[in-house]
Amino acid sequence: MAEQRKWKWADDPNLNKVELTKLEKDGLDVIETIINTYSKQGYDSIEASDFDRFKWAGVYQQRPKDGHFMMRVRIPGGILTSDQARVLAGIARDYGRDLVDVTTRQAVQFHWLTVESLADIFERLGSVGLSSFEACGDCPRTIVGNPLAGIDPHEVMDTRPIVKELEQFFLLNRDFSNLPRKYKMSISANVYNAAHAQINDLAFTPAKKTIGGEEVIGFHVWVGGGLSAKPYLAQQLDVFVRPEEVVKVAAGVTTLFRDHGYRYKRTHARLKFLVADWGVERFKEELLKLTGELETRGEDLLKGWNAGYFYGIHEQRQKGFYYAGLSVPIGRMNADELLELARLADEYGDGTIGTCNTQNVLIRNIPAEKVEAFRAEPIVVSRFKLEPNTFVGYAVSCTGIEYCNLAIVETKERMRALAEYLDATVPLDTPLRIHMVGCPNSCGQRQIADIGLQGALVKTPEGMVDAFDVHVGGTLEDARFNQKLKVRITADRLGPFLAQLITVYKKERLEGEPYWRY
Ligand code: SF4
């Protein structure tokens, strides 16, 4: 175990319990303990205080707490190789009961792992340059990016090298492994906000500025976004950041969070609360003390929001090449299907697969002459469709009560059934995004959905039953969160209720009017 650092907040008598656990032993130290001890001696050998620290290894106990774990694997920027996909499929098949979930932060999740399997899984991941470390915990999580980076006709710069630099800088960096709470970063140069900037703690979006007579492409910086029970939209700082300054600025913002973020209540610890209290002017002043001078804001290059969807076959920046956006219903697949994606990436593309924050995938770099054969691939025709039905195609769901200890209700399979019902009942010709979450933590990002469904319980004569609060009108286009309707609908009535709601929209919408604007 590494020598524990003496953090400046260490003697504060008001620290919450998790803070005390982190001071006693850094979260990252648990990785060594898992490899050397727990994976050899089994579940019963795990010390109670280490269960919390397992998150730094990217591992949580799944529900019910009977010795099984879930693991999240970082996919930096949402781009993985076919070799990496094969290793992921192997882990799912050998240890994870054949289940692979794509998350809303472009990561991959496994379930049903035992502690005995973890050392081998870490090794397998490491052998192809993947890691689950710090995919959970109070540390810099998976860096979200543009899954089309490098091939995107709508990006002003290839952000892959910067994602790599950020990943190398933050991953396992003990200067930042004890933050007050989870910490989410995104970077994208896509002008349609592919990485959902406003819901991240720290985000970089494309911008330009004339400096010394020369036009420089760089980034604007957003801080303090986040969802959960008290959602905040990130705010822009008055700075322009050159590509080579991104890591320095990210380190500065993260240092401010580490040193000034709140460590008393877990529900009041995210960066968003510090930003809200300080305001962006003070936040910028404090940041400049760490980074030195930065340029002031330039011209924003964001033009709108693509909501993270890329369905169909589209031309790339490279003439004669195409990418294919495929639907993965509710983000769930099995090992064979992931292997099929790896094969498609190798046979048709350049061997890379994109994971989207909408829980879908992309195959990149398909030459024109292979497009028709790609379209005819059985898995593309019948399972991961290029043009899915509206509701199945635009449904997002968190993990829910099947595996999540914080969940109030079941979500994933329920969302799948609901989407299928709506496609059969109220077919719609325009996208309508429905996100379902099993509790206020909002891993399924319900606040930015056209219709956001949040699980709850209601008392009925038959006892407590699953129900949902319904929220409408979320978007990151003129960014705003959805608003709660004054209804709580029991799960058995959810389909008919939404069908009615959508029927009204279909009748009354103006030409081309999206649901959030309606
Ligand atoms: Fe679990 Fe709640 Fe997150 Fe869903 S939103 S995965 S129920 S913590």
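Keep in mind that this is a model prediction, so the values were computed, not measured. The first residue of the sequence shown is numbered 1, and numbering continues consecutively from there.
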Self-check item: Backbone of N357 reached by a side-chain donor or acceptor of R105 within 3.5 Å
Solution: no
Practice problem: For V249 and L294, run side-chain contact (heavy atoms from CB on, under 4.5 Å): C-alpha distance rounded to whole Å, both residues' side-chain angles, the deciding distance at 0.1 Å, then the answer. | Solution: CA-CA 9 Å; V249 170; L294 294 169; 3.9 Å; yes
Quiz item: Can you tell me if CD on Q483 sees more than 12 non-hydrogen neighbours from other groups inside 6.0 Å?
Solution: no
Self-check item: Shortest non-hydrogen contact between G308 and C356, atoms and distance
Solution: O-CB, 3.9 Å
Practice problem: Drop me the distance from L288's CG to E293's CD, to the nearest 0.5 angstrom. | Solution: 5.5 Å
Quiz item: Can you find a side-chain donor-acceptor pair between D346 and S82 that sits under 3.5 Å?
Solution: yes
Exercise. For the pair E24 and R53, find out whether any cationic side-chain nitrogen is under 4.0 Å from an anionic carboxylate oxygen.
Key: yes
Quiz prompt | Salt bridge flag under 4.0 Å for residues R266 and D138 | solution = yes
Quiz item: Among V108, L125, I91, which one satisfies side-chain contact (heavy atoms from CB on, under 4.5 Å) with M71?
Solution: L125
Exercise. Could you tell me the separation between the CD1 atom of I79 and the CG atom of N146, rounded to the nearest 0.5 Å?
Key: 7.0 Å
Quiz prompt | Residue pair L88 / F110, side-chain heavy-atom distance below 4.5 Å | solution = yes
Exercise. Can you label the angle between the F51 ring and the F69 ring as parallel, tilted or perpendicular, going by 30° and 60°?
Key: parallel
Practice problem: Test R343 against E340 for salt bridge (charged side-chain N to carboxylate O under 4.0 Å, His left out), laying out the working first. | Solution: CA-CA 5 Å; R343 181 185 67 78; E340 267 297 273; 2.8 Å; yes
Quiz prompt | Criterion salt bridge (charged side-chain N to carboxylate O under 4.0 Å, His left out) on E215 and K209, from CA distance to verdict | solution = CA-CA 6 Å; E215 186 177 273; K209 185 163 187 184; over 6 Å; no
Practice problem: Start with the C-alpha gap between K22 and D26, add the side-chain angles, then the distance that decides, and say whether salt bridge (charged side-chain N to carboxylate O under 4.0 Å, His left out) holds. | Solution: CA-CA 5 Å; K22 292 188 286 185; D26 190 88; over 6 Å; no
Quiz item: Looking at C136 and M70, what are the two nearest heavy atoms and their distance?
Solution: SG-CE, 4.3 Å
Quiz item: Looking only at heavy atoms, which two atoms of H260 and L274 are closest? And how far apart?
Solution: O-CD1, 3.5 Å
Exercise. Output the distance between atom CZ (F310) and atom CG (L362), rounded to the nearest 0.5 Å.
Key: 6.0 Å
Self-check item: Pair N190, S188: side-chain N/O donor-acceptor within cut-off below 3.5 Å
Solution: no
Exercise. Would you please indicate if the ring centroids of Y183 and F176 are separated by under 6.0 Å?
Key: no
Exercise. Sequence neighbours left out, what passes ring-ring contact (aromatic ring centres under 6.0 Å, His included) with F481? Give chain and number order.
Key: none
Quiz prompt | Donor-acceptor contact below 3.5 Å, side chain D238 vs main chain R297 | solution = yes
Practice problem: Please state whether the rings of H268 and F273 are parallel, tilted or perpendicular, taking 30° and 60° as the class boundaries. | Solution: tilted
Quiz item: Does one side chain, of R263 or N178, offer a donor that lies under 3.5 Å from an acceptor on the other?
Solution: yes
Quiz item: Do the side chains of N360 and F384 get nearer than 4.5 Å, heavy atoms only?
Solution: no
Quiz item: Does a salt bridge link D101 with R72, judged by any charged N lying under 4.0 Å from a carboxylate O?
Solution: no
Self-check item: Student check: side-chain heavy atoms of L171 and E134 closer than 4.5 Å
Solution: yes
Self-check item: Ion pair E286/K289, N-O distance below 4.0 Å
Solution: yes
Quiz item: Does a side-chain heavy-atom distance below 4.5 Å link I330 with V396?
Solution: no
Quiz item: Does a donor on one side chain sit under 3.5 Å from an acceptor on the other, for T81 and D83?
Solution: no
Quiz prompt | K25 and T33: side chain donor to acceptor below 3.5 Å | solution = yes
Exercise. May I ask you to check if R282 and W278 form a cation-pi contact, with NZ or CZ under 6.0 angstrom from the six-membered ring centre and within 45° of the axis?
Key: yes
Quiz item: What is the distance from atom OG1 of T205 to atom CG of L302, rounded to the nearest 0.5 Å?
Solution: 4.5 Å
Self-check item: Modelled atom types, side-chain donor and acceptor of Q316 and N365, under 3.5 Å
Solution: yes
Quiz item: Which distance, rounded to the nearest 0.5 Å, do you find between the OH of Y60 and the CG of L113?
Solution: 14.5 Å
Exercise. Using a strict 4.0 Å threshold on nitrogen-to-oxygen distance, state whether E281 and K284 make a salt bridge.
Key: no
Quiz item: Ignoring hydrogens and geometry, is there a side-chain-to-backbone donor-acceptor pair from N200 to L202 under 3.5 Å?
Solution: no
Quiz item: Would you say the side chain of L99 lies within less than 4.5 Å of the side chain of R332, judging by non-hydrogen atoms?
Solution: yes
Exercise. For the residue pair R446 and N482, confirm or rule out a side-chain donor-acceptor distance under 3.5 Å.
Key: yes
Practice problem: Output the distance between atom CD (Q84) and atom CZ (R124), rounded to the nearest 0.5 Å. | Solution: 15.0 Å
Practice problem: Taking the side chain as every heavy atom from C-beta outward, state whether L341 and M333 have any atom pair closer than 4.5 Å. | Solution: yes
Quiz item: Does the side chain of Q447 pick up a donor-acceptor pair with the side chain of S442 at under 3.5 Å?
Solution: yes
Quiz prompt | Polar contact flag, side-chain donor to acceptor under 3.5 angstrom, D450-Y394 | solution = no
Quiz item: Is E244 atom CD crowded by more than 12 heavy atoms from other residues, nucleotides or ligands, each under 6.0 Å away?
Solution: yes
Quiz item: Are side-chain N/O atoms of Q236 and D300 paired as donor and acceptor at under 3.5 Å?
Solution: yes
Practice problem: Please check if the distance between the ring centroids of Y311 and Y309 is under 6.0 Å. | Solution: yes
Quiz prompt | Q106 side-chain N/O to G145 backbone N/O, donor-acceptor pair under 3.5 Å | solution = yes
Quiz item: With distance as the sole criterion, is a donor-acceptor pair present between the side chains of R258 and T254 under 3.5 Å?
Solution: no
Quiz prompt | Short side-chain donor-acceptor distance under 3.5 Å, D52 and T21 | solution = no
Quiz item: Strictly by modelled atom types, are Y323 and D152 linked by a side-chain donor-acceptor pair under 3.5 Å?
Solution: no
Practice problem: Indicate whether any N or O donor in one side chain lies under 3.5 Å from an N or O acceptor in the other, for S131 and R74. | Solution: no
Self-check item: Side-chain heavy atoms of I211 within contact of R242, under 4.5 Å
Solution: yes
Quiz item: Do you see a donor-acceptor pair shorter than 3.5 Å between the side chains of Q198 and N193?
Solution: yes
Quiz prompt | D201 with R270: basic N within carboxylate O range, under 4.0 Å | solution = yes
Practice problem: Look at E347 together with K370 and state whether they make a salt bridge at an N to O cut-off of under 4.0 Å. | Solution: no
Quiz item: Taking all atoms of both residues into account, what is the closest heavy-atom pair of A107 and T142, and its distance?
Solution: CB-OG1, 4.1 Å
Practice problem: Please find out if less than 6.0 Å separates the ring center of Y348 from that of F374. | Solution: yes
Practice problem: Tell me yes or no: between the side chains of S177 and W56, is some donor less than 3.5 Å from an acceptor? | Solution: no
Practice problem: Starting from the C-alpha separation in whole Å, work towards a yes-or-no answer on side-chain contact (heavy atoms from CB on, under 4.5 Å) for T296 and V239. | Solution: CA-CA 4 Å; T296 55; V239 295; over 6 Å; no
